[in-house]
Amino acid sequence: MNNETTRFSATQTDNGFHVTFFDSPEELEVSVHDLNEFANRYTHEMLEGKLQELSEKEKLLFSIWEMVLIPDDTIH
């Protein structure tokens, strides 16, 4: 997860997402709680103008958050 264009697949599970990286054997579980906690903190910081550079894990959470927000009828 250390390069800027980390490619991954996120499969929805009962309590979040199972993340598999294309260039690494590493796998990660992201819970809905993790995602909500990140989204709340990110939104709060954005509204206060306090955004800092995201960590690699935060970039991953941001990408998953974006996927969740995309309408169902969007064609990828």
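All values derive from a computational prediction rather than experimental measurement. All residue numbers in this chain count up from 1 along the given sequence.
If you take CD on E26 and CG on L28, they are separated by 6.5 Å, rounding to the nearest 0.5 Å. Note that CG of L54 is 9.5 Å distant from OG of S63, once rounded to the nearest 0.5 Å. Considering OG1 of T13 and NE2 of H18, their distance stands at 9.0 Å, rounded to 0.5 Å. The CD atom of Q12 sits 10.5 Å away from the CD1 atom of I64 when rounded to the nearest 0.5 Å. In this structure, OG on S55 lies 8.0 Å from CZ on F38, to the nearest 0.5 angstrom. Taking CG from L61 and CG from N36, the interatomic distance works out to 10.5 Å, rounded to the nearest 0.5 Å.
F8 has its ring centre no less than 6.0 Å from the ring centre of F22.
E37 has no carboxylate O lying under 4.0 Å from a charged side-chain N of R41, or vice versa, which leaves the two without a salt bridge.
Residue E58 comes nearest to E53 through the heavy atom pair OE1-O, 4.2 Å, listed as atom of the first residue, atom of the second, then distance.
Heavy atoms of other residues, nucleotides or ligands lying less than 6.0 angstrom from CD of Q52 number 12 at most.
M46 and L60 fall within a single hydrophobic cluster, where Ile, Leu, Val, Met, Phe, Trp and Tyr side chains are chained together by heavy-atom contacts under 4.5 Å. In the hydrophobic cluster analysis, where Ile, Leu, Val, Met, Phe, Trp and Tyr join through side-chain heavy atoms closer than 4.5 angstrom, F17 is grouped apart from V32.
Between the side chain of D34 and the backbone N or O of V30 there is no donor-acceptor pair closer than 3.5 Å.
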